[in-house]
Amino acid sequence: MTSSTNKGKVNPDLINERNKCTFNTLELTHLLDGDEVKTKERKSRESFFLDDADLKTEVPIEYLSHKEKYEEAVRKACIVFRKVQQLQNEGKAGVDNYREILGGQLGSALLKDGHPLTLHYVMFIPTLMGQATIQQQAEWIQKAWSCNIIGTYAQTELGHGTFIRGLETIATYDPKTEEFVLDSPTLTSYKWWPGGLGQSANYAIVLAQLYTLGKCHGIHPFIVQLRDEETHEPLSGIIIGEIGCKLGMNTTNNGYLGFNKVRIPRTNMLMKNNQVLPDGTYVKSPSSKLTYGTMIFVRVVLVQDAATYLKKAATIATRYSAVRHQSQIKPNEPEPQIIDFVTQQHKLFPYIATCFAFQYSATWLWELYNNVTGELESGHLDNLPELHAASCVLKAVSSADAALGVETLRLACGGHGYMTSSNLPTTYGLVTAMCTYEGENTVLLLQTARFLIKIWQNKTNVTNLPTVRYLQNSLNRNSPFEKTVSWIISALQQTATGKIDLANRHINERVKKGEAYEDAWNNTSIELVAAAEIHGRTFIVETFFSTVQKLRKQTSVELGTVLSQILELYAVYTILRSTGDLLRFTRTSSQDIELLQGWLEELLAAIRPNAVGLVDSFDMRDEVLASTLGAYDGNVYQRLFEEAQKSPLNSEPVNKSFHLYLKPFMKSNL
Ligand SMILES: CCCCCCCCCCCCCCCCCCCCCC(=O)SCCNC(=O)CCNC(=O)[C@H](O)C(C)(C)COP(=O)(O)OP(=O)(O)OC[C@H]1O[C@@H](n2cnc3c(N)ncnc32)[C@H](O)[C@@H]1OP(=O)(O)O
Ligand SMILES: Cc1cc2nc3c(=O)[nH]c(=O)nc-3n(C[C@H](O)[C@H](O)[C@H](O)COP(=O)(O)OP(=O)(O)OC[C@H]3O[C@@H](n4cnc5c(N)ncnc54)[C@H](O)[C@@H]3O)c2cc1C
């Protein structure tokens, strides 16, 4: 295995685990990357960034002040972006590469607590590409690609993040000067949160309520210059700053922004979808939701990012569990590796399986996204609702499970998992943010529920809608328990259908009793969210199943067996999370649940010899893991001790506070 960059002696427990592994880890690495060539390319990109001496930080960032953290992050971000441009010029920077460079793989290795310029690539450029006219793209895109301007995406305000129709920033068209006047009429209308906005970006896409000829037309995107291109001073009428410390992502430079009657040319409204003509006439696009396109794009790419962060945490916790010994299983026997406790396996292995499950759903979603955006370009909007519903539920489920997974894996490392040097707390900070940004998860699940209920109520023909095809006939499917993934999928589908049907009945009952439909919806929303969630999980299991079926045709028998085991584990674990619903909505009996539990335990035992091999296959370099507990060589205790020496408190034998406070306190008597 080549993932190690650390030349230290490998811990004997890990050597033993690697010797036990029943499959070729390199074969799995290639499969996860796509093929051998892609693995080689990824590794060469990793070296290109990680071996650059200028991108290393001497002092752990945790010991820097807030300001120093930011300054160090900008220093590195500029080097990273320069290198990205170099890749671009060599034609080596596709979306997958940006994903690595900005997300959980390389991004979080280079800038551990967030990148102050990410929004430039993740939302600013994609919005220009998706919402600007050809002429506007000619004006802005090149400047943005070459980073002559750095942008962000300024949508959320102090008062509104979710309900974007309620945004208060105003852009009023003045036909006399052919300009828009941007204004923040209230404190709650100040933009609040955009990444890089504080001190980094000099441009932003600003979402504002458009007024022309006295009429409001809802929110629209505008490109707005915020700072002077030479001095970086805020332009006249721009009130700007950083929002302060957060649970995590403390180097992303999230900012606030207010406008005091700031004028921008008419041509700075992004007009691919809707237009304002010079005389102020408003020309409407076929769908008002096209303005929301960048949000869909980011939700889609986040599913892969959730998988990547989970891979990182799973690698750290699994390797640590192999080298950590504690307690006794039988008296007078040596202390076992903690990975031999079945409860520990239950914390680790389902999340290893989840990494695969999310990666395969992310690939599926990315393909759907490309197909549907291609159709949108030629004016076909038919598949947009399904893309929106699928991206909402997959973003919500993957980020929620990744956050829960990272926290579970942190707990699985006991006290040492609480050290920032384990990198699990910082990873949690990055992942839990995903549950909120780009659409708060409950809100997104309700969007998917809206789609599901609409289909259920209207008895829509679902033949051509892959994510909901199962709704056609699964309500009354009552097959007896079989120890197969197909049975689990069928039972999950039946459960999801039952929950959708029940939520729908409850809405109808409430309406019949005289409630307004919207109140009935709100009063049924606990059930609606639960229905959407199980619908999402069902889809993830189904996609995992069909992917493994395909992959098994090309893998060795040994790897094929392991892939089937982790698929089964993910499926059984998922269905057991819904035991209550299974008993309610299918003919599953209490004995069947016992059989499922037995199956889960068998799978944990079957996967045990390959656990380290599986996470080794993720092939995350030590610099990517950045963890005292997760390094390839497993030298956990040396690393913990070495990292502790970096604490500034250890640089002198006696701290001045002893003389200032402790000693007088200890010597004085009341
Ligand atoms: C450059 C090259 C490429 C390289 C790039 C490569 C990149 C790779 C990078 C990889 C590393 C990643 C690193 C990450 C770093 C972190 C970055 C952090 C970023 C964080 C940024 C943010 O955080 S940025 C703000 C996001 N802020 C939201 O996310 C607000 C949520 N809030 C709503 O999104 C709406 O407010 C909400 C609720 C829908 C209601 O909207 P609403 O009230 O208008 O609509 P209604 O509910 O009334 O629904 C009315 C009808 O619209 C339908 N509909 C609604 N939305 C639709 C839609 N999008 N598309 C179609 N249809 C839609 C709906 O289905 C209904 O349809 P119907 O009527 O037929 O049923
Ligand atoms: C780290 C981070 C980075 C961000 N970056 C950006 C950025 O670059 N650009 C940008 O514009 N924004 C950004 N945001 C803002 C982000 O998109 C919003 O915070 C997010 O959309 C949630 O909106 P909110 O904060 O208004 O939450 P709220 O909507 O106020 O949510 C609070 C609670 O209300 C509930 N709730 C709200 N509406 C409903 C409803 N209709 N039904 C049921 N429950 C509801 C939610 O479920 C939640 O429990 C960022 C946020 C974070 C945390």
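It should be emphasised that the depicted structure is a prediction, and the values quoted were computed from it without experimental measurement. Side chains included, hydrogens not; waters and symmetry mates left out as well; all remaining heavy atoms used.
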Phe124 and Tyr153: aromatic ring centres closer than 6.0 Å? no
Flag the pair Glu62 and Lys69 as a salt bridge only when some basic side-chain nitrogen lies within less than 4.0 angstrom of an acidic carboxylate oxygen. no
What about Trp193 and Tyr437, are their ring centers closer than 6.0 Å? no
Looking only at side-chain N and O atoms, does Asn423 offer a donor or acceptor that is under 3.5 Å from a partner on Ser627? no
I'd like to know whether Arg82 forms a side chain to side chain donor-acceptor pair (under 3.5 Å) with Gln85, so could you lay out the CA-CA distance, the side-chain angles of the two residues, the decisive distance to 0.1 Å, and finally the verdict. CA-CA 5 Å; Arg82 188 60 74 226; Gln85 285 173 336; 2.4 Å; yes
So, are Arg537 and Asp401 salt-bridged, with charged N and O less than 4.0 Å apart? yes
Salt bridge check, Asp305 against Arg99: does any charged N sit closer than 4.0 Å to a carboxylate O? no
Under 6.0 Å between ring centres, would you say that holds for Phe356 and Phe618? yes
Centre-to-centre under 6.0 Å for His346 and Tyr573, is that the case here? yes
Do the ring planes of Tyr369 and Phe297 sit parallel (below 30°), tilted (30 to 60°) or perpendicular (above 60°)? tilted
Between Trp366 and Val300 the two heavy atoms that sit nearest each other are CE3-CG1, 3.6 Å
Could Asp51 and Arg621 be called an ion pair, given the rule that one side-chain N must be under 4.0 Å from one carboxylate O? yes
Lys38 bridged to Glu41 by N-O distance under 4.0 Å: no
Do Phe81 and His115 have their ring centres less than 6.0 Å from each other? yes
Salt bridge or not for Arg42 and Glu46, using N-O below 4.0 Å? yes
Which atom pair, heavy atoms only, marks the closest approach of Leu167 to Gln209? O-NE2, 2.8 Å
